[in-house]
Undergrad: 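I have a structure here, written as structure tokens, and I will follow up with some questions on it.
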Amino acid sequence: MQQSVSVEINGIRYDEQVPIRMLLVDFLRDTVGLTGTHVGCTFEGVCGACTVHLDGEAVKSCMMLAVQANGRAITTIEGLAPKGELHALQKAFTARHALQCGFCTAGILMNAAEFLKENPDPTDDEIRHALVGNLCRCTGYSHIVEAIRDAAVEMRK
Amino acid sequence: MYPATIDHYLAPKTLQQALEALSLQHDGDAMCIAGGMSLMQAMKSRLVRPKTLVDLQHLPGINSIQFSPDAIAIGAMTRYAAIARETRLHGAYEALNDAARHVGDRQVRNRGTLGGSLCWNYFAACCPATCLALGAEIELASLDEKKSQRTRRIAIGDFLKGPLETARRSDELMLSIRLPAPPRNAGSAYKKWGLVTDAFPVVGVAVYVEVNASGACTAARVAVCGLVSGPKRAGSAEKALVGKSAKDQGAIAAAFQAAARELDVQADMWASPDYRRMLIQELGSEVAHTAFQRATGRK
């Protein structure tokens, strides 16, 4: 029922005993105390608010068990800008007013950060396609698309 | 929502360890978890309550695509994202690119695997029907009485049963999805229609054609998903496509009208039977056109 898990999160190693059925998102929030990763839909894996990086790739942390992360490296929103200066995406989201309530924002930033590594010069259509897994109920997405486009330009410099 | 209590979690590092874990379990007690994009939902909704989870993520050798002169072997743990990026499937097996590029979303494609999709065989999944149209063969491993590894190969049409059912025994592990070396002048395509972008298909159609030097079809396979009875071949459309070429638009449309009549379509909260028949016709004609273009090398 319990299982040990050893996982690196934002560069820090955590060794914990957890119930096998514990979701990774609950491990991050409740065991480790990193509450920037949000829980939106919790069940269907459709909202994307809990998106984190697993060995650099965007994944939904409600769709994984914590034990599946054993031996792997995770980056959460708290680790996106480790040196205290905001990530280009965070700056662009601020400048473009790409959030209102902000609940979905952490997940979108984590997804977009990996997307821009894969596709540094995306079209608006490609940005919109990349956002399929992230629900935002406030903004209507226009400002989010603009912010990701701006961040892409900034990151190519 | 939370999964029911899970007693054991195993993360085997070798195929032998994984097969031993599966062989020791009573039927249904242990489940393999690949990417978990279907299984996690099923566990959280308590549709399934495995006592033991066998995590396949550390198994070596089954998470990439191998190209050899006589076959293409897609490891069962190959993720959608890798299939979406793979350019060497173009032409004959491009339907797999079409399907993988629009499964779920980026986060799902980063985790979900082709083998997991086939073993789960959800009725509205893209990849089972696509592999059915491509004539794939499934390679399964298990242990014999002396705990030696043995493998068997089974045609995809025999592997896929009704929804959530396959011919895989609970002590077997899927190793690979095998496709014959692509014939010259073969093309395939897949397209789905869902309620929102990249959603589960209300209907999806996969078409594979081989053509001769003048562009006429010499062999065809058509498969449809979104049907409550599971992924199905449409034999009437396959027969009707033979001898036709891309310019025979009326005949291609008629082939998919026949498919729409032949297949058993259901009413549910997403679509009426008539709407599903219309989707089979419209998507089928479009997908066949793309498959012909790919077979003849035209874009």
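In what follows, chains are A, B, ... by sequence order, proteins preceding strands, each numbered from 1. No hydrogens, no waters, no symmetry mates; every other heavy atom, side chains included, goes into these values.
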Undergrad: Can you name the closest pair of heavy atoms from A/G48 and B/Q107 and give their distance?
TA: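 Here A/G48 and B/Q107 meet closest at CA-NE2, 4.4 Å.
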Undergrad: Of all of A/N70, A/N134, A/V59, A/L131, which one pairs up most often with chain B through heavy atoms under 4.5 Å apart?
TA: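 When all of A/N70, A/N134, A/V59, A/L131 are compared, A/V59 has the most.
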Undergrad: A/Q3, A/M22, A/H129: which one forms the most heavy-atom pairs within less than 4.5 Å of chain B?
TA: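 Winner by heavy-atom pair count: A/H129.
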Undergrad: Does any backbone or side-chain atom of A/L54 lie under 4.5 Å from a heavy atom of chain B? Answer side chain, backbone, both or neither.
TA: side chain
Undergrad: What pair of heavy atoms forms the shortest contact from B/P3 to A/L65, and how long is it?
TA: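 So the two residues come closest at CG-CD2, 4.3 Å.
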Undergrad: Report which part of B/D55 has an atom under 4.5 Å of a heavy atom belonging to chain A: side chain, backbone, both, or neither.
TA: side chain
Undergrad: Within the 4.5 Å heavy-atom criterion, are B/M37 and A/M63 side-chain neighbours or not?
TA: yes
Undergrad: For A/Q17, is the CD atom crowded, meaning more than 12 foreign heavy atoms sit under 6.0 Å from it?
TA: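 Enclosed: over 12 neighbouring heavy atoms sit under 6.0 Å from CD of A/Q17.
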Undergrad: So what's closer than 4.5 Å to chain A heavy atoms on B/D198: side chain, backbone, both or neither?
TA: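 Contact with chain A is through the side chain of B/D198 alone.
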Undergrad: Less than 4.5 Å apart, side chain to side chain, heavy atoms only: is that true for B/L53 and A/V67?
TA: no
Undergrad: Can you tell me which portion of B/I33 sits under 4.5 Å from chain A's heavy atoms? Options are side chain, backbone, both or neither.
TA: side chain
Undergrad: Nearest 0.5 Å, please: how far is CG in B/L10 from CD1 in A/I20?
TA: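 Those atoms lie 8.5 Å apart.
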Undergrad: Which atom pair, heavy atoms only, marks the closest approach of A/K60 to B/D105?
TA: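 Here A/K60 and B/D105 meet closest at NZ-OD2, 2.6 Å.
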Undergrad: Identify which part of B/R101 has an atom lying under 4.5 Å from any heavy atom of chain A, answering side chain, backbone, both or neither.
TA: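 The answer is the backbone of B/R101.
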Undergrad: Got a second to check how far B/R106's CZ is from A/E57's CD, nearest 0.5 Å?
TA: 9.0 Å
Undergrad: At a 4.5 Å cut-off on heavy atoms, which part of B/A199 comes close to chain A: side chain, backbone, both, or neither?
TA: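 For B/A199, no heavy atom lies under 4.5 Å from chain A.
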Undergrad: Can you confirm whether A/M1 sits close enough to B/I6 that some side-chain heavy atom of one is under 4.5 Å from a side-chain heavy atom of the other?
TA: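 Answer no - side chains too far apart.
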Undergrad: Quick one: closest heavy-atom pair of A/Q68 and B/Y9, and the distance?
TA: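 Heavy-atom minimum between the residues: CA-OH, 3.6 Å.
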Undergrad: Tell me whether A/R156 at atom CZ has more than 12 heavy atoms from other residues, nucleotides or ligands lying less than 6.0 Å away.
TA: yes
Undergrad: Which one wins on heavy-atom pair count under 4.5 Å against chain B: A/M110, A/Q2, A/E118?
TA: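 If we count pairs closer than 4.5 Å to chain B, A/E118 comes out on top.
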Undergrad: What part of A/E114 gets closer than 4.5 Å to chain B, counting heavy atoms only: side chain, backbone, both or neither?
TA: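 Both parts, heavy atoms under 4.5 Å.
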